*Asks:* 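Before we start, here is the structure in question, set down as structure tokens.
Each chain gets a letter, A, B and so on, in the order its sequence line appears, and its residues count up from 1. Bear in mind that the values here come from a model prediction, so they are computed numbers and not experimental data.
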Amino acid sequence: MDLSHTPEDEEFRARLRAWLATALPVLPPPPDPADWPARRARDLGWQRALYDAGYGELHWDASPTTRLIFLEETEAAGAPYVGANFVGLLHAGPTIAAEGTDGQRRRWLPPILRGEEVWCQGFSEPGAGSDLASLRTRARRDGDHYVVDGSKIWTSHAEVADWCELLVRTDPDAPRHRGISWLAMPMDAPGVTVRPLRTLAGSAEFAEVFLDGVRIPVANRVGAENDGWRVTMVTLSFERGTAFVGEVVACRRVLRELAAAARRDGRWDDAVLRRRLGRLNAEFLALWRLTQWNVSEAAAGGGVPGVGGSVFKLRYSHARQDLYDAAADVLGPGALDLDSPWVLDRLSSLSYTIAAGTSQIQRTIVAERMLGLPRGR
Amino acid sequence: MDLSHTPEDEEFRARLRAWLATALPVLPPPPDPADWPARRARDLGWQRALYDAGYGELHWDASPTTRLIFLEETEAAGAPYVGANFVGLLHAGPTIAAEGTDGQRRRWLPPILRGEEVWCQGFSEPGAGSDLASLRTRARRDGDHYVVDGSKIWTSHAEVADWCELLVRTDPDAPRHRGISWLAMPMDAPGVTVRPLRTLAGSAEFAEVFLDGVRIPVANRVGAENDGWRVTMVTLSFERGTAFVGEVVACRRVLRELAAAARRDGRWDDAVLRRRLGRLNAEFLALWRLTQWNVSEAAAGGGVPGVGGSVFKLRYSHARQDLYDAAADVLGPGALDLDSPWVLDRLSSLSYTIAAGTSQIQRTIVAERMLGLPRGR
Amino acid sequence: MRFQLTEDQTALRRATRDLLERRFGERERRAAAGGGSLDRALWRTLGDAGFFALCLPERDGGVGLGFPEAVLVFEEAGRALLTGPLIATLRAAGEVPGAASGETVVAAADGWTVEWLAAADVARPDTADAVAVRSVDPLTPLHRVARAARVDPVAVLLTAAEQLGTAVRVCELAVQHARTREQFGRPIGAFQAVQHLCAGLLVRAETARAAVYAAAVTGARTDIAAARLLADEAAVDGARDCLQVHGGMGFTWESEVHLHLKRAWVRAGRGGGGAAAEEALAAALTA
Amino acid sequence: MRFQLTEDQTALRRATRDLLERRFGERERRAAAGGGSLDRALWRTLGDAGFFALCLPERDGGVGLGFPEAVLVFEEAGRALLTGPLIATLRAAGEVPGAASGETVVAAADGWTVEWLAAADVARPDTADAVAVRSVDPLTPLHRVARAARVDPVAVLLTAAEQLGTAVRVCELAVQHARTREQFGRPIGAFQAVQHLCAGLLVRAETARAAVYAAAVTGARTDIAAARLLADEAAVDGARDCLQVHGGMGFTWESEVHLHLKRAWVRAGRGGGGAAAEEALAAALTA
């Protein structure tokens, strides 16, 4: 058991920290959240700056411990997170890196790392949420193209994306999990329609994507035909694994901000609130240690996080909701004001027990795959 | 909506209260909890006193509102609860009253009401707990007798019982729920062996009962042969319905005792504890109101409580555990001392989410029977 | 003791539900959530129906009913997500001219906030220093005041009734969705995890119902305090669990679910929040 | 950063588990629960194995290992329900003659209680006024002291390790039972309600593990405070849920489950309980 880093890693941390101190002050201020092109431009610009400084591929092409330090330091410094590059850097990119051909890697990975192309995710469908394998978007083969019809939902950044990692059904007669393929779809292809989807937080981070006879080259398929489910599981294990490192660091900062706010306005004298914040401090400290544990396991085991990510995601998504409920307690009547800090984050925290596998689904995964309990049905 | 009682009911309350003031001081003190014959004698004596004073059959042969007042007043006065008469008064008795023949009612009900005979319950088996319908205790017909082989568990007061309400399988080939019958078994019949079962509370309230070729007259069957499941459901609905009225009154008294204890030793200054007790006060006040609601519904609807009892039992069993956890907080280190007040009750409260249908089973009942959700499996 | 509703009470509830379904259905609710102003015609319809004059004695031109009836009506208002300063206007009936009839819309500071201040004709008590905030609930415009207003126990009771309405409604919505939404080849309501979420929704709603109705009957402070705690819990936790049952489908702006959660949050903040009720109930234990 | 166990640490854990299975298995545990006294022979075996001298420097005749190793050993002790004043004796090693070797049994006041006072050869600090109580845990005799003893952070850390052991063990027990117990024609572990209870057990245990191991590595006060809160929760709530999974079968005196719950309660009371840790962690947020 060792939580210290190698001299090389500590040197990396020092260099990164120094670079952040120069790079962040010249970063343009965050644009209006509703201005998608401006957000895209800023996020890509930051990715380009990271790339130019040699930090471009830390999201997947580094040792897990180096990546941990990268996320820890960038978040602590208040640097932007992946933003519009989210799917490219954390989902599609790692999947292409692990499962794509050399040609596919050469075509798609550099533009992601250089901040030139934005990806979005076309997995969920109105009728296929928790039960992703029931997806119905259909791809028929027509020569060296697939012709795709169907619709996708909860596609983030779709309005400004260049590519979509798309799950389609290529064999409707095969068992559910066996007839799915993974395609890279250009978002400007004829037949693609994007309709923004307003969430309960009032924002339009997501969209519905309608596909009407969209032609996608067969060469854009990553992995074998009908092997898309396995390819997808690789992607999802990333999502459930270490994708939340930066968020845990951020939550710990929010907790300190809450304590400071409570101290300022006298609510700190309320023992119920104070001890609640103390308990949340324990919670997020433990989540940070669990993150380190998972990263350390990944470093030892080869990089792809295992089902252990479900344990983390379960605990974290509820802790995050508890954190923002505590924030509402600190805010008092201010919790009803969308302009108060933390209020929009509280709203979006509501999705954490639902998105990327509901808590119910995660518990079943833990029970059946980690604990070996018999399959329910 | 009216929570006031009729003048007749209030007059009943006044009479009962006056009688309790004279009857309780002459009641012998509680015996050693391990002395079963002495406990039986005291419990039967109290039932006899109630009977002689005209209160003997209030547990089932009175209007629900009168019974509510009876339970409220006896508990408030610190009178003993049903004790060894538990099964006779609250399970077997009401079942015989509802489902028995005239002859059966004449044979078994008066001795229960007069405090002459004690009943125990032979439902659960080692292999049939939540899934009661899977019970395997077998009854073969032999002339005008059944010959019974098998074993029962969680039989309370078995050592001092005269009769056992026994569920047996009379048709092993029928669907599970269709081959069960309800028998009244004399506990002194040859082939009945009782082995006390020590619980985690250290006490032996329960026993295992082994049945080896026990001969029971066919005339002791209540309800039709193989119709025992329906008969049982009548009994269980009593158990889950209003059987807890006295306990809610008692819990509210415990809550006041906790507050008084906390005030005495300074823990009252701890806002976390104090507000926790305040919230429990709301909880048990609501449970009292829910009890009144259920009783009022029963009074309007004919007496047999419906599945609504599951709502009450679910909420109450968890509230009771919360109450005794709060008691542990009030006690501080005293919570580790079996001689402190409330500690043994805390231990026995652990069974509340398990006995008479686990919380998991109750939630399924609520979901499927009250909310009409599709049957899971 | 006949705790259940009388026939008149059942009829009153039915009539209120019918009126609200007719006049404040999904269409009107969506329009309001889009940022609409107070619907004055609806307000007068409510006034004509006796909504605001419910508890006003008949000699003062009121309907002359008691808190039990008011609680039933406000449960329906909560269920329907009815908008406007309903409680403030009802409490002003008989004191502010036109309030009882729905001609005058009255806003009132309650705890740290005032709802619907800009839309109101009269505001009480003093709300001169009130500052507009961007309300988390798209159906409830909010202002904030600098000093907490005195808490009105009747407003607390009626708020609890509204929360009960939300609790009942989100249980219905969850059950409807669980019955019809299919995943893994069957309705999600056939999965125990979903079944048990729904069971929890019903248990909380029914427990809150008993507490709220009893508080209406007795009018006692401890009963009201208990009712508010139970009803806040049933509404807020209920809306959360309803959202969980709906999954992504409940996360869209078009869904009704988030409106219940946000309204439940707004109501839970009335009267300065629930901590005072906890303290009062603790104090009552040693009284 | 290599947070996982080294090979030596894995071997130490394995050896400890083997020793305890051999010397404190179900038979010995049942005997102890029947009211047995401290097993002096076992105590000396533990001493010979270096159990009490673990953290004592080699120059003082100790094993010279660190807190990470001690935490692994005490996790196993917790898992096995090992009896006796283990932590007090370990902390006395090097100060009280014979403690390190298991010759001398040392009891110590911790918070408001002393465990195993009557069986001990030495008691510290002053326990003259200690009064025997009838312990809720049949495996842990208790005395109570009049003034709370000073809290030893190392004892808190090792207690958290024991709680972790309980959390891991009750998860195992619940899963074993859920796999084998059949109701409604299949193992109860095929029901989501039971599956999800078991999943919760694992999540709490694994979160506590990360916190406890990290606290052992850093030795920092906030890490130790967090470890105790998480481990107390994982042990107490875990034992409760394990009992729920077992149903009636876990409610008998013969079952192992209640012993874990009762021991978890005893340990959660050490160091005066968890409230101080919550306050310390709150204070750390504004430091």
*Asks:* Strictly distance-based, threshold 3.5 Å: is any side-chain N or O of Gln195(C) a donor or acceptor partner for the main-chain N or O of Pro374(B)?
*Replies:*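 Yes; at least one donor-acceptor contact below 3.5 Å.
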*Asks:* Give the interface residues of residues 203-210 of chain C toward chain B, defined by a heavy-atom separation under 4.5 Å.
*Replies:*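 Near chain B, by residue number: Val203(C), Arg204(C), Glu206(C), Thr207(C), Arg209(C), Ala210(C).
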*Asks:* Using heavy-atom distances under 4.5 Å, tell me whether Leu72(C) contacts chain B through its side chain, its backbone, both, or neither.
*Replies:*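 The answer is the side chain of Leu72(C).
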*Asks:* Quick check on Gln192(C) against chain B: is it the side chain, the backbone, both or neither that has a heavy atom closer than 4.5 Å?
*Replies:*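 Only the side chain of Gln192(C) comes within 4.5 Å of chain B.
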*Asks:* Taking side chain as everything from C-beta outward and backbone as N, CA, C, O, which of these in Leu258(B) sits under 4.5 Å from a heavy atom of chain C? Side chain, backbone, both or neither.
*Replies:*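 Interface part for Leu258(B): neither.
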*Asks:* Counting only heavy atoms closer than 4.5 Å, note whether Leu314(B) contacts chain C via side chain, backbone, both or neither.
*Replies:*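 The side chain, not the backbone.
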*Asks:* Strictly less than 4.5 Å between heavy atoms, which residues of residues 172-180 of chain C line up against chain B? Please order them by number.
*Replies:*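 Contacts with chain B: Val175(C), Ala178(C), Arg179(C).
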*Asks:* Check the pair Thr364(B) / His196(C) against side chain to side chain contact (heavy atoms under 4.5 Å, CB included), numbers first and verdict last.
*Replies:* CA-CA 7 Å; Thr364(B) 297; His196(C) 292 192; 2.8 Å; yes
*Asks:* Taking side chain as everything from C-beta outward and backbone as N, CA, C, O, which of these in Glu283(B) sits under 4.5 Å from a heavy atom of chain C? Side chain, backbone, both or neither.
*Replies:*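 Interface part for Glu283(B): both.
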*Asks:* How about residues 4-20 of chain C versus chain B: which residues have heavy atoms under 4.5 Å apart?
*Replies:*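 Listed by number, the contacting residues are Gln4(C), Leu5(C), Thr6(C), Gln9(C).
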*Asks:* Which one, Gly66(C), Ala275(C), Pro187(C), Ala284(C), leads in non-hydrogen pairs under 4.5 Å with chain B?
*Replies:*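 With the most close heavy-atom pairs to chain B, the winner is Ala275(C).
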*Asks:* Between Leu285(B) and chain C, with a heavy-atom cut-off of 4.5 Å, which part of the residue counts as in contact: side chain, backbone, both or neither?
*Replies:*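 For Leu285(B), the side chain is the part near chain C, not the backbone.
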*Asks:* Pull out the residues in residues 219-227 of chain C that come under 4.5 Å of chain B, heavy atom to heavy atom, sorted by number.
*Replies:*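 Within residues 219-227 of chain C, the residues that come under 4.5 Å of chain B (heavy atoms only) are Thr222(C), Asp223(C), Ala226(C).
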*Asks:* Pick one of side chain, backbone, both or neither for Trp288(B), based on which atoms fall under 4.5 Å of a heavy atom in chain C.
*Replies:*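 No part of Trp288(B) comes within 4.5 Å of chain C.
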